[in-house]
Amino acid sequence: MPARPSLRVLPGALLLKRVLPGTLLLMLCAACTGGAGARDAPGGDGAGPGAAGVGDTLFPKLGNGGYDVTGYRLALDYEPDSRHLKGTARITARATRALSSFHLDLAGLRVREATVNGRPAKTARGGTELTLTPAAALPKGRTFTATVVYDGTPKTLTDPDGSKEGWIGTDDGAVGLGEPTGSMTWFPGNNHPSDKATYDIAVTVPKGLTAVSNGELKRQDTHGGRTTFQWHSGEPMAGYLATVAIGRFDIHTTTTGDGTPQYLAVDPTEADGTGRLPGQITDVIDWGSRTFGRYPFSSTGLIVDHLPDLGYALETQTRPYFDGAPDEALIVHELAHQWFGDSVTPRAWKDMWLNEGFATYAEWLWEEDHDGRTAQQIFDDFYDGTDDESDGIWDFPPAAPPSAEHLSDPPVYGRGAMVLHKLRQAVGDKTFFTILRTWLKDHRHANAGTGRFIALCERASGKDLGHLFEVWLYRDGKPKMP
Ligand code: TRP
Ligand code: ZN
C-alpha cells in the first residue's frame, strides 16, 4: 500500500509554507520575552494572578502558570447534525503559588458557568484565555477543583503550516485532535505538554454512533436514544494527546502478547485490509517492548477514521488516530510515539525532535529488524538524498525549529533520526540501547528536554558528545562527513 500523505511521510506535500501574519506575531512575542515567556507575577507572600502562558518559545500563550492539573473529568454531549457540543469540565489541580485568579486555555465556545471548590467563580475571556477568579484566593499548595460548564460549535483550527486540528467534522461525526494546540477547542485546560494529568472522558452521542477516546472503556449505556461512552486514562497524558472520535465504527477488541487490552475502531468505509491490524499491533508492541522497554500504558489499539483531507496521523495516547487505513511504517511510527512523546513528553515544543526524530528512528530500527535496509543504509539514503522522505531535511537544525510553522518539517523527523544514528555510531549498539531504555525509564509518564537527553548520553557512554550534538542538533546546514 502506498504511504499516505501525512506530516510524517510526505513533508514536501505539506500545504502552505508561507508565514502568515499570526506567525510573525508569535515570533515577535517569543523574541520580546527573550524566550522565557510570561511568568507568574511576583506576588511575594500575597496571592496574585497565575500567568497566561508557561513561556514556551514557540507558543507563548499556551499553558498557564500558577497551578498543576492532576486530573480532568470531561462530560461531553455531541449532536453531529447540528455540530453542537455541550460540555462540563471538572479540573482538579494544585496551586503552585498563592492564586487570586488563574487562566485556562479555551478557544471559542460559550462559558455558561464556572465554580472553584463548589463556589461560583467570576469568568473573563480574551483570545484563547479564560480567566477564573475564585470567591476566595487559593493558598499555595492547595488542591482545588474548578468546574466549567460550556457549549457551542467547536472550532477547527488551521495551523501556521496549513494543517487542520481541533474539532474536525467527518462524514459521519467528528474528531477532536490536539497537536499542537487544538485540544482547547473542545475543553478548557492547561494546554501545554508540560502539564500532564489523568483523564476521564465521557461522551454522549446519538444511539448507533460510537465515541472512542483514550484509555479504557469503563461503561457504555444507552438511555432515550443516546449512548454514553465512559473512557478512563489512568496514566498521565498531555492535552495534545487527548482525542474523541465520533462516528460509525466497527469495534474489535483483543489483547497483545503481554495481555494488554486492544481496542480498535475502524470506519467501515476504510475496512479493506484492516483485518491484519490486531496482529500488526501485537507485533509492534511486542517488538517495542523488547527494544525500548515495557509498553507504558494499560491499553492500546487505534482509530481508523475516514478523513482523507486531514493528511496526517496522530499518536493520540493509547489509541493513535489514522485518517484512513495505515501502512505498516505508519503504524510503527505512531506506536513508537507511545514510548517517545506520550510516555516521555517534551518539556517545550522546540524539543519536538524528541518525538519525531525518535519515532522516525524507530521506523528505521523496525526495517532493520525485519529484513529491510539497515539503519546505516537508511541514514546513507537520507544523507545523499535518495530516500523519498529526505527532501528538506537540511533546512534548519532539528533542535531549533525557527518558528511554530516549522514544527513538523523534515529536519525534525529525518535529521532528528539521523542524530540518533550518529549517536549510535559514536557509542556502539549496547550503550545506545541502554540510553534509550534509561531515557524511557527515568522519565516515564513525565517530561524531559534535550539538555537532559544529552547529559544522559554523556553519562552512559563516558564520552564527550558535545561536538556531535552541536553539529547535528544545533548547527545550520548539512554536516560534513569525515
Ligand atoms: N505527530 C504526528 C505524527 O507523528 C504528526 C503531526 C500532526 C504533527 N500534527 C502535528 C507534528 C502538529 C507537529 C505538529 O505523525
Ligand atoms: Zn510522529
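Just follow the structure's listing: the first ligand is 1, and inside any ligand the first atom is 1.
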> Taking the Zn ion (ligand 2) as the vertex, how big is the angle to OE1 in E356 and NE2 in H333, rounded to 10°?
Replying inline: 110°

> Looking at residues at least two apart in the chain, or sitting in another chain, which of them share a salt bridge (Lys or Arg N to Asp or Glu O under 4.0 Å) with D381?
Replying inline: R373

> Should the proximity of Y413 to ligand 1, defined as any heavy atom under 4.0 Å, be assigned to the side chain, the backbone, both, or neither?
Replying inline: side chain

> What are the atoms of ligand 1, with element, lying closer than 4.0 Å to any heavy atom of M352?
Replying inline: 11 (C), 13 (C)

> Is the distance between the ring centroids of H306 and F249 less than 6.0 Å?
Replying inline: no

>> Would A313 count as a contact residue for ligand 1, given that I'm defining contact as a non-hydrogen atom of the residue lying under 4.0 Å from a ligand atom?
In response: yes

>> Parallel, tilted or perpendicular: which one describes the rings of W349 and F59, with boundaries at 30° and 60°?
In response: perpendicular

> Which atoms of ligand 1 have any heavy atom of E356 under 4.0 Å away?
Replying inline: 1 (N), 2 (C), 3 (C), 4 (O)

> Taking only residues two or more places apart in sequence, or in another chain, which ones meet A242 in a side-chain contact (heavy atoms from CB on, under 4.5 Å)?
Replying inline: W186, F187, Y199, N214, M237

> For Y361, which of F432, Y413, F379, W366 qualifies under ring-ring contact (aromatic ring centres under 6.0 Å, His included)?
Replying inline: F432

>> If we only consider heavy atoms of A359, is any one of them less than 4.0 Å away from an atom in ligand 1?
In response: no

> Counting each atom of ligand 1 from 1 as listed, which ones have a heavy atom of E334 under 4.0 Å away?
Replying inline: 3 (C), 4 (O), 15 (O)

>> List ligand 1 atoms under 4.0 Å from E315, heavy atoms only on the residue side.
In response: 1 (N), 2 (C), 3 (C), 4 (O)

> What atoms of ligand 1 come closer than 4.0 angstrom to any heavy atom of S408?
Replying inline: 11 (C), 13 (C)

>> Is the distance from the ring center of F292 to that of W287 below 6.0 Å?
In response: yes

> Under 3.5 Å, N or O to N or O, is H333 touching ligand 1 that way?
Replying inline: yes

> So, the side chain of T300 versus the backbone of Q262: is there a donor-acceptor pair under 3.5 Å, distance only?
Replying inline: no

